[in-house]
Novice: 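For reference, the structure I am asking about is given below.
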There are 2 protein chains.
Amino acid sequence: MTVSTRQNLLDIAARHMRSRGYAAFSYGDLAAECGIRKASVHHHFPTKEALGLAVLDAHQEKFSARLQAITDDAADLRERLTAYGALFREGSGDGLLPLCGALAAERDALPQAMRDKAAGLLRVQLDWLTDVLAQGGVAHAARSAMALLVALEGGAIVGWGLSGVASGHPFDDLVAELCASLCAGAKGSHHRISH
Amino acid sequence: MTVSTRQNLLDIAARHMRSRGYAAFSYGDLAAECGIRKASVHHHFPTKEALGLAVLDAHQEKFSARLQAITDDAADLRERLTAYGALFREGSGDGLLPLCGALAAERDALPQAMRDKAAGLLRVQLDWLTDVLAQGGVAHAARSAMALLVALEGGAIVGWGLSGVASGHPFDDLVAELCASLCAGAKGSHHRISH
DNA sequence: GACAGGCTACCTACCAGTAGGTAGACAAGT
DNA sequence: ACTTGTCTACCTACTGGTAGGTAGCCTGTC
């Protein structure tokens, strides 16, 4: 009905991966939450690795589309960075970690194919950010892109680790500040940042 | 002999938690690596939660001592921040994630007591950093401390996720830069940061 | 319109392996 | 004698995965 069982499973699995980690959920959990039997989950995703890869693929696809939309809709650097930040932390409101960050934390326990795909996802974001910054006239675009991504991922992790149900993200200011400073510096070779 | 079995188990468990995650290693793994039987691991740590808490306690103790040593030995702000950065990423050379960051990623799958202790550990670091920055004359010490911690945790995660066996940490520069900018700003109300 | 064939989505029942955990014996050190 | 550290041997619950089957829905063909 509403949505396909397959899509439902993908959503549930993604949620688990972003709050408990890949190793900490089972086909049994998925089946129970979805209201079907374990074997039926295997019907849709023969192995857990296949499921993990499918989650990453779906995420990749959705994320790329969103990035493209930002590039298309937002003409100005500040606007693009703001939209990116919003997109990035979109799930955090639901208490979810960014998928790549969550997976990175258990990298050595992941199947190789998943490691590679997750790394690829990070690279895509980094490349997109670098392009946006470079087009916006920011010097050292690659380095600044890394700074931004690191702040977002790190902020999500630290905020997530600190807060049981804590207030908003104590690092939102930081990211906003970093964006502002990047925009401010877009036309010169250096710029200010207030503290 | 050499070191106590208990300490050996703690070290092995910490290594697993920082590379695979808490959910992804078992008493069987520990026993095999330590050269004893599973039941003997239970003799030292009756439950997995007790083991996890002991790892966190040991980490806490060691870390606090190191922080105290930095406060004692390094008089100057820049020196202290440099020492902190070095301490923080000390294990990264061995391909390990910071303990708190790694645990944060699977927070919802952890026993409540471990969640709390991990959050406490983060808080300790944040408070220490805030003190150091405030004493160093940095304005908005709390916010800057958060920026630093976020950069370090995020950098570790992103670097870890990106690199199979990649080069050094692509974010080391960023952290050094952030430290430098904080030091530079220590006497004024604002400062420059180069890009 | 009936009917076969194939397909999707699900089921029950099972597998071998492993999870965390327990009970009780033994040997060595004090 | 008591404690400490380890052992063998076991438990129950659950893991990812498989075998084999069923009910319903298309599609084509007569």
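A, B, ... follow the sequence lines: proteins, then strands. Residue 1 opens every chain. Fair warning: this is a prediction, and the values are worked out from it, not measured in the lab. All values below were derived from every heavy atom in this structure, side-chain atoms included, with hydrogens, water molecules and symmetry-related copies excluded.
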Novice: Between H42(B) (NE2) and dT8(D) (P), how many Å, whole number?
Specialist: 15 Å
Novice: Quick check for you: among dA9(D), dG21(C), dC10(C), whose closest atom lies nearest to any side-chain atom of A39(B)?
Specialist: dA9(D)
Novice: Taking only the side-chain heavy atoms of T5(A) (C-beta and beyond), determine which of dC10(C), dG17(D), dT6(D) contains the nearest atom.
Specialist: dC10(C)
Novice: Is there a side-chain contact between H44(A) and the phosphate of dC10(C), meaning an N or O under 4.0 Å from OP1 or OP2?
Specialist: yes
Novice: With a 3.5 Å cut-off and heavy atoms only, can you find an N or O donor on one side and an acceptor on the other between the side chain of K48(A) and the base of dG17(D)?
Specialist: no
Novice: NA contact type, F25(A), heavy-atom cut-off 4.0 Å: base, sugar-phosphate, or nothing?
Specialist: sugar-phosphate
Novice: Any salt bridge linking K117(B) with D57(B)? Criterion: basic side-chain nitrogen under 4.0 Å from a carboxylate oxygen.
Specialist: yes
Novice: Base, sugar-phosphate alone, or nothing: which one does S26(A) contact when heavy atoms must sit under 4.0 Å apart?
Specialist: sugar-phosphate
Novice: Should the pair R15(B)-E33(B) be classified as a salt bridge under the 4.0 Å nitrogen-to-oxygen rule?
Specialist: yes
Novice: Checking side-chain polar atoms at under 3.5 Å, does W160(A) have a donor or acceptor matched by the opposite partner on S19(A)?
Specialist: no
Novice: So does T47(B) get a side-chain nitrogen or oxygen closer than 4.0 Å to the phosphate oxygens (OP1/OP2) of dG20(C)?
Specialist: no
Novice: Quick one: does Q135(B)'s side chain get under 4.5 Å of R80(B)'s, heavy atoms only?
Specialist: yes
Novice: Whole angstroms only, please: what is the CG-C1' distance between D29(B) and dG20(C)?
Specialist: 12 Å
Novice: Whole Å only: how far is the CZ atom of R37(A) from the P atom of dG16(D)?
Specialist: 17 Å
Novice: Checking contacts here: which listed nucleotide (dC7(D), dC10(C), dG20(C)) is nearest the side-chain heavy atoms of I36(B)?
Specialist: dC7(D)
Novice: Could you state the NZ-P distance from K38(B) to dG17(C), rounded to the nearest angstrom?
Specialist: 15 Å
Novice: Just the rounded figure in Å: distance from P of dG17(D) to CG of L30(A).
Specialist: 12 Å
Novice: What is the distance from OH of Y27(B) to P of dT22(C), rounded to the nearest Å?
Specialist: 10 Å
Novice: What is the distance, to the nearest angstrom, from the NE2 atom on H43(A) to the P atom on dG17(D)?
Specialist: 16 Å
Novice: Should the pair H16(A) and F25(A) be assigned to parallel (<30°), tilted (30 to 60°) or perpendicular (>60°) ring geometry?
Specialist: parallel
Novice: Does a nitrogen or oxygen in the side chain of S40(A) sit under 4.0 Å from OP1 or OP2 of dC11(C)?
Specialist: yes
